[in-house]
Every structure is written in C-alpha cells, then in structure tokens.
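What follows is a single structure, written as structure tokens, with notes after it.
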Amino acid sequence: MDLQFTDAENSFRNELRHWLAGVIPTLPGEPHRDDWVGRRDYDTMWQRTLFEAGYAGINWPKEYGGLGATPTEHLIFLEETERARAPYVGQNFVGLLHAGPTLITEASPEQKAFHLPAILKGEHIWCQGFSEPGAGSDLASLSCRAIRDGDDYVISGQKIWTSFGHTADYCEMLVRTDPDVPKHRGISWLILPMGQPGMDVRPLRTMEGSTEFCEVFFDEVRVPVANRVGAENDGWRVAMVTLSFERGTAFVSEMLQSMELARDLAQLAKRITRNGASAWDDAGLRRDIGRICAELDALWALTKRNISQAQRTGLVGPGGNVFKLAYAELRSKLGELAMHLLDRASLSIDDVGQLPTHAHVHGRIHALSLGIAAGTSQVQRNIVAERILGLPKDR
Amino acid sequence: MDLQFTDAENSFRNELRHWLAGVIPTLPGEPHRDDWVGRRDYDTMWQRTLFEAGYAGINWPKEYGGLGATPTEHLIFLEETERARAPYVGQNFVGLLHAGPTLITEASPEQKAFHLPAILKGEHIWCQGFSEPGAGSDLASLSCRAIRDGDDYVISGQKIWTSFGHTADYCEMLVRTDPDVPKHRGISWLILPMGQPGMDVRPLRTMEGSTEFCEVFFDEVRVPVANRVGAENDGWRVAMVTLSFERGTAFVSEMLQSMELARDLAQLAKRITRNGASAWDDAGLRRDIGRICAELDALWALTKRNISQAQRTGLVGPGGNVFKLAYAELRSKLGELAMHLLDRASLSIDDVGQLPTHAHVHGRIHALSLGIAAGTSQVQRNIVAERILGLPKDR
Amino acid sequence: MDFELNDDERSLQEGIRSFLTGRCPIEVVRANEETGGALDRTLWRELADVGVFSLRTDGFGMTESVLAFEELGRSLVAGPLVASHLAASVVAGAGDGSRIVGLLEPAEPVTMVEHLASLDDLIVLRNDGIFVVEPSGVIGVLAERPLDALTPITRLDDVPDGQRIGDAAMALQWRRDGMVLTAGLQLGLCLASIDLAKTYAMQREQFGRPIGSFQAVKHMLADMLTKAEVTRAAVYAAAVNIDGRGDSSDLMQTARMAKLLAGDSALFCGKTCIQVHGGMGFTWEVDAQRYWKRACVLDTHFGNSDEHAAAFSAAL
Amino acid sequence: MDFELNDDERSLQEGIRSFLTGRCPIEVVRANEETGGALDRTLWRELADVGVFSLRTDGFGMTESVLAFEELGRSLVAGPLVASHLAASVVAGAGDGSRIVGLLEPAEPVTMVEHLASLDDLIVLRNDGIFVVEPSGVIGVLAERPLDALTPITRLDDVPDGQRIGDAAMALQWRRDGMVLTAGLQLGLCLASIDLAKTYAMQREQFGRPIGSFQAVKHMLADMLTKAEVTRAAVYAAAVNIDGRGDSSDLMQTARMAKLLAGDSALFCGKTCIQVHGGMGFTWEVDAQRYWKRACVLDTHFGNSDEHAAAFSAAL
C-alpha cells in the first residue's frame, strides 16, 4: 500500500497545475445559477478550453480523443481543478461521463465519429432520458414506448429527472421496444436529437427551487432506427455498461468540497458567539465537528482505495456502494450540524450578511438528495448485502 | 386529559404506602443473585405477604381472588412498591402475569380452582415453554410435538428461554398437536407439571453470565389430556389471549428505575473528573444526559397514555409496541453513555470501588436484550407498520 | 388519572380540523407561496373566529390550545400563530385576528424576524421582559430565498427596543407557553408527514408491489410513528401540566421536554417523509419538503432541541 | 499511488491468518474463559514466532503490523498484544515472547490494569514518559466478573511509579502507534462480527426463509460492512502514513482518525451482530457477545472515540 504519488503522477500534476494557473485568471465570471443558457455557454467554453489544452476526456481512451489517463491521474485532475477553483464539468456531465463512455463501448463507427469529438470539444450537450415517473428504483420497469415504423421509432411516453433537458442537443434514451417480454429484455438505447416535433420539455422544480431537471413528454416523436445503439431490445445491457466506467472518481470533487466545508464550519464556530461565549467553547460541538472531519478523512482514504482498485482491476467494486452509503449519511450529519450552528440564519438559502448560509443550507439539501439520487440508500444497502455479502435476494 | 389522581386513587396509594412502610423493614435480606432456590423462597415469601395483606393479583379479577384494580391503581401499586424498594415479582412473574391471566380466561373451573389460588399465595412457581431454538420471532412454527396416547399427551422436543425452569412447579406450554395443518392451527396449550420423567432442564447462560433461563428437553414426557387448556389445536388463540391482559403497566417498574438511573448518572458525572475538570463541565455530555432524561420523561408520559387507554378500552393498543421500540433504543443510549463516562471502570460487571458500575453495565447489557426479547425491534417495527399504519404484509 | 382526550377536547380538536380541512387545504397553503408568503388577513380573521388566538383568553386552557395548534401544524398554516396567541391577552386585536402580531427573540449569530411585511405589531421577547414595536419602523434585509417559501424572513442588524408590556417573569412564562404551543405545531407536522408518506408508500409501486410492503420503507414509517407518538405524549403532558392537571410541578422542565422531543421528531419525520418519496420527495411539487422546511423553521423558535437538552440537564 | 495491498502485504496477512486459524480457532479462545483469562505462555511464544511482536523491530513497518493485528482481532486473541509489540524495541524478551509485557494508562475515574496476573513486566504510559514496573509489586483489586471474560481486570488505587524507559516524546509516539495497532484489532473485530452475523443470517430460517432475505436483517449487515470498510481505509491510511508512504504529514491526526472510526465501528458491529442473532445473540454460547465485549475493552485503550473526536477537532 502506498498513498504517495509516483514521479510520473507528480509531473502530470505539475503540468496541469501550471496550465491551470495560467488559464483560470483569464476566465469570464460565472453566469447566474438559474441562467441555464448562459451556463451552457460557460460550461462548453470551459470544455473547449480543456480540449484545446489536451485535457478533454481525461478518462476516455486515447483512440477516441481522450487522455487515456489512469484513475489516479483522474484523481489528480480533479484535485487540481478543485484547488484552482476551475469550472466544473457542468452541463457536459452526461456527454462526458455517461453517454460518451457508452458510445465508446457500444456505438457504431459512424455514431462514434459523429458524436464523440463533438462531446470532447464542448459542441454537444447531452441529457439523459432514463427515469420515468413510474420507474425509479425499478428502472427496468420503464414504459416509454418506441414503436418501429419503417426506418423510424415512434416514441410516446414520459421521462423525468432529465438534467439540462432544455439546453441539451442530444438525449441518451431508454425506451421499451418490446412490452411482451420480461422487463429487462424489451428495452432499447437510443440517441435522440432534442427539439423534435412532439416533444414537450418542462422544467421540474426541485425542493431547493432550482430547475436544472426537466420532465420530457413524448407524443409520437420520430427517431431514425439508425440512432439506436446496440441491438434492439439489448438496451438494458448497453445502459449497464456505463456503470463499469466508474473508477472511484465520481465523488472526488464533492469530497474535496465537503472536507473544506467541514473545516470552514470549525472556523465559523470559532467566530460565532453563543450566550456570550464562543460557540467553539462547547465541547460537544467540537467533538461533533471533529468526528465529522475525521470521518470525511476516512472516506477520503476509502476514495483512494476505490481508485486504486479501479486502477488494478478496471472496476470499483463494492467500495462504490459502500462509499455512497457512508457519504450520504455523513453529509447529512454535516448539514444538520451546520444548520444548528447557524440557527435562525439557516432559514435563508442565500448568505445572511457575513454568514456563509448558502453553502451550508444548500449542502444540507444536497445531502437529502445524496440518499436518493442514483439509487436510494435503501437500494444501496440491498446491493451491498446481496452482491457483496451474498445474502439472498428479497424475492 | 388529566394526569392527576382521583381521591379514590390517592387513598389507594396512601393505604398501600402505609402498609409498605410497615412491612418492608421486616423483610429479610435478599439472596445472592445466582441463588435461584433462595430467590424462589424469597419471591414466594413476598407473594404470600402480599396475599395476606390483600394485594396479591392486583390486576386479577376479584372473583378469582385478585384485587380487580384498575390499570391506574396497578400503576400506583408499581410506583409505591418501587418507591418503597419492595421486592419484585421475581419468579412469580409467569404465574401472575402470564399463565394466571390465561387460565382465568380459558381454563376449566377445575383448573382454575386448583391453580389460581396457588399462584396468588406464592405456592406455585410457573415457567414458560413457548420459544424453541427454531421458533423465535416465528413462534407459530414451533415443532415440539405432543402425540395423543389415550388420556395422555406424549411430548418430545425442546424449549428454550424458559425462565426459572429449574425452580418452577408448572410450565405453560405450547406444543404441536397437529403437524398437518397450517402452523397456527395445530398448536395446543398445556399445563405441564415440572419434574416429569423424560424432562431435562439445563441452565442457559446469558451473555451476562447469569442462568435464570433454561433449555428444556422433552423425551416422551407424559401429560394428562386433562391438563390442556382450551380446545385441542386452539392453543395459538389461547396464548394470544394473554396479550390482551397487558394494560400498559409492563414496563412501569423498569421505567422508574431507568429514570432514577439516568438522574444518578448526572450526579455521577458531577463527581467524576476528566482532565482535571468535572465531567459535568462538558456541555455535550450535559446535553446527552439532558436529552435522555427528557426522553425518559416523555416515555413516562406515554406510559400514562397507554394505561389510560387500557383503562378506557381494556386494550393498550399500538402504544405498547411504540413504547417498546422507543424504550429499547433509549435504554441503549443511556447504557452507552454511562459506559463511556465510566470509561475503564465499565470493564467490570460488579461495582468498582465507589463507582456504581454494576447498575450501568448491567443496564447496558439489559438494553441489548430489550431490542430482542418479546419481539425484536425489527418485529415491533413490522407490527407498528402493518397493524397501526395498515401497510401491506411482507408477503 | 385519565390521559386520553375527553369528549370536549376531542370535539374541539375535530372542530378545528374540520375548519382547516375546508378552509386551508394544502392547495390553498401552497398557493400562498406565489405571494411570497404574504399572510391572508381574511384567513387570519377566520382563524381567530374559530378561537385559535383567543382560546386561553376565552377560558380554555393550554390543553385545548395545543390540540388546536397540532391541527394548525398538520395543515401547515403559516404565520405568527404562536405569537398572536400569546399576545391575545395583552395586545388589542391579537385575539380577534384584526391585528397580526409577530414575535422575535434576539438570537445568535443573527436576529431574524418572520413575516415582517404582514405584521401589525411586533413583540420583542427578551430575558428581561416583553416589548412591543411598530413593525413599519423595523429595518432589515429580506432574504431573497427563504428556506421555507411560506415563511419570509428578514435579517435585522439591530434588535429594536420597543415599549415594555411585560416583565422578566412574564417573558419566561411566554417562552414556556411558546415552547409548548410550538411543540403542538411540530407534532402536527409529524402527523402530516406520516400521512403523506403512508399514502405514497401504499400507492407507489416498484418491483411489482407497493413500496410500503418493503421492510425498509415499513420500518422508516414505523420509526416516524414511534417518534410522533412519544412526542404526542410529551406535548400533551406539558400542556396538561400548565393547566394544573399535571403530574409535575416543574412546568418549565416539562415544556422543555415537549419542545425538545417535538423539534427532533418533526425534523426526523420531515426528512424521512422525503426519503420515503425517493426522487419525488426532492421535488417542489410534493409537500414532503414543506413539512421538513417548516420543521427547520420551528426548531429555531423558543430555543432549539439542543438548547432545551442543555437547559433540561441544568435541573438534574 | 496504489492503496491496495501489494503481494508481500497480502501474503504476510494470509500467513498470520493461516497460523491463527490453525492455532487459535474460536474454540481455543473460548476455552481460555475457564481459566479466568490467564494467558497461555506457549501460545504467546508462538505468536512471537510468527512475528506479531517483533514485526517492526524486524524491519517491517506499521502497515504490516496493522495487517497482522487485524487478524489477531478477527481471531479474538486476548492479552496485551499491543503493549508487547510496542515494548519490543525497549523491553528485553517482549519481542520474542519470552516475557509478557502489559501496559496501563492512568485514567479517570479509575485506573484499571488488564491481565495483571499474567504479566512479566508492566509499562506505565504517562504523558511525561514511559515507565516500567514489576507487576508482582502492583496492588489492586481483581474484578470478580470482568465484562470480557477473556480480559481479567484489576483496579488500582494508586498508579505505580516505576523506572523511566522513555521520555514524553516517546510516550506520545507510543500512544500514536498504540492507537493504530488497536484500531487494527478493532477492524478485525468488525470483520469477525460480520462473518458471524452473515453466516447466521444465511442459515437461520424464520417464516419459511433465511432471515438474511429480510430487508431489515440485510440492511443491518450492509451497515456493518459499510462501517467496516470505511474503517479499513482509515486504519490502513494511518499505518501507511506512519511508514512514510502516506498523504498527510500529521501522523497523530490520522492515527486519531483510525482509532475513532475503529472504536465506533467495532462497537456498532458487535452490537448489531448480537441483534442479528436475536435471542441466541444474548447467550453466552454464541460469540457475538464476545466481539461486542472486546470492542468495549478496546475502545478504552489509548483514548476512546469521543476523546479522539475532541483531540481531532483541536487541530482544526
């Protein structure tokens, strides 16, 4: 076991750091959080910048224009961009980290040639049309229908949790192409160009009031059969392929932010007074913050174990589910503690005077989503128990 | 809603308190905790004393020699005996609170005439033969067989968790009299005189090292058919009858002890020093103890709600399961906090010098059993969800 | 001793519930978000007409008041309900709903006042007494996005002075009564969260069966109900105690018990309700978030759970 | 960076595991309860022969040592393993197992020493240095019923003085290394608890199916595994750090992280293992209680989790 970086890894880091130091100060200011079109432009600008510097598609194979970096180099990339306060992947997320990797493994040469460079260059934004109102944890029960009609599929149904559906150019979609077979076997994976007739994209407001997600309604929307990726009715397998692309780096940026946020909370506690004394004088509060920081450090160590495992085997394995379970819970503890400390100031989502309310209240709400999105904690526990410990399936 | 006692209830309390004040100082010292025979004598002596004073069978109907007291009077009885540090029900437990009430409702006049007075007078100790190694949460799956042979049943099988099996005179038993029908429908309820040929009673050591429980092995043990209570194969219903006897008072003595223990812990924290300061100077510890004491007070209020409900309807209802769930968790929190405060002293089950280790370490271990005995917390949650909230059965 | 609701208590509670179900269904509450949580004076008067603010000046006790506030919490009614109720005995117009009376407690790290724009009178509750202030003269910064869309909130740089209308002892009593009434609201939030989660768990199917048939979901609901029922006992006990029919002479201590339990339980039930709803729980559309957010707001009223745990321990 | 075990580390750990499985199966451990937990000197020597005490004086690092201690914890081996390991560099006979070296830390509310009757040397670890004491001269009261039947424990009225063998800096380093080695034992307890609970959950049937097919049981096991794996990462990171191949320069802080996580997790896994076993978990016969009790013992070594949480926060 060795947590130190190799010389090669260190020079990768140094070059990246040097480049970031030059480019970050030249970036324009970030658009307003609700200006989705402005943010699209900003995010694609950053992707283009990365592309031009040779840093686009850090985890993509070299033959498809990526950097072919190891998971450890990916970790370093995320550490350095976070350290430099570089823009996040933002609206490029689905293309770079989900649809793109799927296309790399499963798409036809023509599909790859058309789509992959456009994703890397920040020319195309992708969104995801997987979840449905009736298909959440049980995704394979999805019912959005695609009926073959000549060279087209005709799609009718509804998708939900489509992030950036209103700004995307393409949508990776799972549709039901055969309703008469067991649910996993009648699904196909399609590339849908957005803005087709018959589509209605409506913003879905989250509990925080933001609208990065959409609901998409389909009324006989036509998509060429040529836009299918993989065989007809083999879409479930195609979709699962992407899971194997996760190399332990999914939460690196978040973890770095959370560790900083927890340490900021300690500083905040030292500034805040309570009954005439510093809030930090409270031994219980100190222990709570100490415990959270120590547990975050432990999760950081687990992150590195997961990355090392991916580096060796190509797969994260159990560590990924374990990480998510532990992280969702810990992030909730941090958020609850912060809101408690902020007391009445936590009743504003935006900063209150000099108090960094937004980071903590947003963080608390974000923590609620961590136990739900991409597999609820209940589903994660099932996976850990069944796939890792080998306990019998529910039924 | 009224938490004050009526004049009648207050005079019941005053008379009882007066009587206890006279009798308690005359009692001999308690036997050693592992002297089961000595404790039997002690417990039956106290039962006899109660009987002679007219306080035996507080919750039994008057027509069967009981006091016919209301649930509130039962509460008062338990408060006053606890306050006076009177002996507990001890080995009379199964007879007075479980077998006796069942006999009252279900037994034949002859069975009642023989057994009920003996229980009330402390002449007979009863034990329970319900659980089996293979039938715990799923009690109805019990397999201890009773085969009809003329006027006898011939019993073979095994029982477990039989408290005071080595000192008891009678055992209330559930046996399988028909293995060919659905599990709830082939069970009978028998009165088994202890010490029959073919019985082997072995102590079952708990994690605390004590042996109040036994395992009982049956090898063709004969019991007259006349000892059956209720109809053949109707034993499940007979056994369930006792549940309706619970009038919210089951945990009253325990609750009073726990409330005292938690308050003692606060005093202990004031005596103990940590890093040169009083342990009580620690704001977090104070909050933890404050919260536990407040939550215990809330459970005490819930106890009174449950008792009031039993007084009105004859049934505790959902409150009983809710109470047990909350109490098991809270008692664990108290135990863990106490062991933490005692630090290394908690590594002895007996008192260490002037430190009341035993109460707290025993309490911690007892808390572990609270989440298991008489329905694990998992089973309790199922009951609450299914019977109170009406959620669908597991399968 | 009879710690069950008597017939009068039950019918009073049912009356309030029936009024709120008709007049303030959740759709009406939600619609108020579009106005930035501005209070509806007509509704306020109607609440006064059913006695919400004047129960105790009309001869009822804390017991009846808490039963009413449980229903107000259940229906997610917004506004300075507790403040106006407390003020009924001293501020003209509070009891009959003709004036909306708010309340602030000086707080750390910052003092925030709710519903400032809708208030006719503002009470300042300090340790040394109770003061009344003209709200229009209070200067502060309105939060652009309040956590609870139904609770607009304004940061004050300075706590206004105002005119004294009560002494320190009365302030202490207001705090105590405020705790218990707020705990009643919190209890109502718990019950509403449970109802909503239960309904969803019965209707929502995944893997071919209602999610409420999965133990994981079942046990979340059982834990919610458990917390709610323990809280109910605590809140009712605190109320009965204040009315002189209790089993403890330390009214402040039982009030703290109630507020502590109710605060923890409302937060727990709110977030668990969100979790039971999965992704839908994270949407604006579903009310789960509203219950949780209101629980966050109420936990800061009259001392949060941690403060009461500390204060409770001081009496040990 | 490669935070997976390398081949040498893996084979070292497997070697220790294989030795312990053969020499110290749980039956052997349990049998020792009948002797009041008196240590078996033959076993002690054999443990020394496989390097348990001398790993670091033999040129291996904390990483290898922690892997070995994980196995010792998993096998529930009793005795002053950490103390004898720490003492190997300074007390003759500690490394080769010819002398059993125990350790005490002065504590509040009372100082207790384990295995006193089996000790050849007793180390007193104080803030101002390390001292060695002749155990036969130490006077105390042996607990009639120790919580962990395999850990006899004696209360001392006075902490003995002894002869100085190390300064304050060395004492600090011993504490740090003691934390990490103990955390290794605790990690092993977690893993053993999980194995035992899992085996039972697969075998035990109720309601016509293995209890491990019920979500409630499944989720208990998932939570155990989650805590154990996070703990494993923390413990390994602390060890690697001490060996100079880490990612943090604050060795004490990462050691605290490890002990904090491991202490909490071992207690959690121990009690959850008991709960998974239902009534059987409450019997002496089933080992679940042994893991929990040992977890209670080890949490008091080199500072408990709360103390480390406090100390961790001091560096923030």
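Per chain, numbering begins at 1; letters A, B, ... match sequence-line order.
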Subject >> Atom of A:Ile372, atom of C:Gly279 and distance for their closest heavy-atom approach >> reply: CG2-N, 3.3 Å
**OP:** Can you tell which part of A:Ala279 gets under 4.5 Å to a heavy atom of chain C, answering side chain, backbone, both or neither?
**Re:** neither
Subject >> Heavy-atom neighbours of A:Phe217 CZ exceed 12 at 6.0 Å >> reply: yes
Subject >> Neighbour count above 12 (heavy atom, 6.0 Å) for A:Glu329 CD >> reply: no
**OP:** Please assess A:Val352 against C:Met112 for the test side-chain contact (heavy atoms from CB on, under 4.5 Å), listing each intermediate value before the final yes or no.
**Re:** CA-CA 10 Å; A:Val352 172; C:Met112 313 272 286; 4.0 Å; yes
**OP:** Heavy-atom pairs under 4.5 Å with chain C are the metric here; pick the option from A:Ser348, A:Ser346, A:Ser131 that has the most.
**Re:** A:Ser348
Subject >> Whether over 12 other heavy atoms sit under 6.0 Å from C:Arg126 CZ >> reply: yes
Original post:
Is there side-chain contact between C:Trp292 and A:Leu368, with heavy atoms separated by less than 4.5 Å?
Top reply: yes
Original post:
At a heavy-atom separation under 4.5 Å, does C:Asp306 approach chain A through its side chain, its backbone, both, or neither?
Top reply: both
Subject >> Proximity breakdown for C:Asp299 and chain A, heavy-atom pairs closer than 4.5 Å >> reply: side chain
Subject >> A:Arg387 CZ: over 12 foreign heavy atoms closer than 6.0 Å >> reply: no
Original post:
Taking every heavy-atom pair that is under 4.5 Å apart, which of A:Ser377, A:Pro133, A:Ser141 has the most such pairs with chain C?
Top reply: A:Pro133
Original post:
Would you call A:Arg344 and C:Glu114 a salt bridge, taking side-chain N to carboxylate O under 4.0 Å as the test?
Top reply: yes
Subject >> Over 12 foreign heavy atoms within 6.0 Å of CD, C:Glu27 >> reply: yes
Original post:
What part of C:Val113 lies closer than 4.5 angstrom to a heavy atom of chain A: side chain, backbone, both or neither?
Top reply: backbone
Subject >> A:His358 versus chain C, the contacting section by heavy-atom distance below 4.5 Å >> reply: side chain
Original post:
From C:Lys293 NZ over to A:Ile349 CD1, what is the distance, rounded to the nearest 0.5 angstrom?
Top reply: 5.5 Å
Original post:
Going through the distances and angles, do C:Thr283 and A:Arg205 end up as a side-chain contact (heavy atoms from CB on, under 4.5 Å)?
Top reply: CA-CA 6 Å; C:Thr283 62; A:Arg205 205 167 166 205; over 6 Å; no
Subject >> Choice from A:Thr376, A:Asp351, A:Thr206 maximising heavy atom contacts with chain C below 4.5 Å >> reply: A:Thr206
**OP:** Run the salt-bridge test on A:Glu208 and C:Arg145 with the 4.0 Å N-O cut-off and return the result as yes or no.
**Re:** no
Subject >> Whether over 12 other heavy atoms sit under 6.0 Å from C:Asn127 CG >> reply: no
Original post:
By a 4.5 Å heavy-atom criterion (distance strictly below it), what part of A:Ala345 contacts chain C: side chain, backbone, both, or neither?
Top reply: both
Subject >> Which of A:Val379, A:Leu355, A:Thr357, A:Leu268 touches chain C most, by non-hydrogen pairs under 4.5 Å >> reply: A:Leu355
Original post:
Any idea which of C:Leu147, C:Val141, C:Ile274 has the most non-hydrogen atom pairs under 4.5 angstrom with chain A?
Top reply: C:Leu147
Subject >> Min side-chain heavy-atom separation C:Met280-A:Ile160 under 4.5 Å >> reply: yes
**OP:** For A:Leu341 and C:Pro109, work out which heavy atoms get closest and say how close.
**Re:** O-CD, 3.9 Å
**OP:** Please indicate whether C:Ile139 has more than 12 foreign heavy atoms, meaning atoms of other residues, nucleotides or ligands, lying under 6.0 Å from its CD1.
**Re:** no
Original post:
Would you call A:Met207 and C:Val286 a side-chain contact if the rule is heavy atoms closer than 4.5 Å?
Top reply: no
Original post:
Between C:Val110, C:Thr151, C:Thr111, which has the largest tally of heavy atom pairs under 4.5 Å with chain A?
Top reply: C:Val110
**OP:** For side-chain contact (heavy atoms from CB on, under 4.5 Å), just list the numbers for C:Cys296 and A:Met339, CA-CA rounded to whole Å, side-chain angles, deciding distance to a tenth of an Å, and then say yes or no.
**Re:** CA-CA 9 Å; C:Cys296 290; A:Met339 286 187 63; 3.9 Å; yes
**OP:** Tell me, for C:Ile153 versus chain A, whether the close heavy atoms (under 4.5 Å) come from the side chain, the backbone, both or neither.
**Re:** side chain
Subject >> Leading residue by heavy atom contact count with chain A [cutoff under 4.5 Å; candidates C:Ser305, C:Pro146, C:Gly281] >> reply: C:Pro146
**OP:** Under 4.5 Å, counting heavy-atom pairs only, tell me which of C:Glu205, C:Glu105, C:Glu285, C:Met220 racks up the most with chain A.
**Re:** C:Met220
**OP:** Compute whether any side-chain donor of one residue and acceptor of the other, for A:Gln378 and C:Gln275, lie under 3.5 angstrom apart.
**Re:** yes
Original post:
Non-hydrogen atoms of chain C under 4.5 Å away: do they reach the side chain of A:Arg381, the backbone, both or neither?
Top reply: neither
Original post:
Distance-only, no hydrogens or angles: does the C:Glu144 side chain make a donor-acceptor pair with backbone N or O of A:Asp350 under 3.5 Å?
Top reply: no
Original post:
Between C:Thr300 and A:Leu347, which heavy-atom pair has the shortest distance, and what is it?
Top reply: OG1-CD1, 3.6 Å
Original post:
Non-hydrogen atoms of chain A under 4.5 Å away: do they reach the side chain of C:Arg204, the backbone, both or neither?
Top reply: side chain
**OP:** Mind ranking C:Gly278, C:Ala310, C:Ala107 by heavy-atom pairs under 4.5 Å with chain A and telling me who comes out on top?
**Re:** C:Gly278
Original post:
Do A:Ser137 and C:Gln206 have side-chain atoms, one donor and one acceptor, less than 3.5 Å apart?
Top reply: no
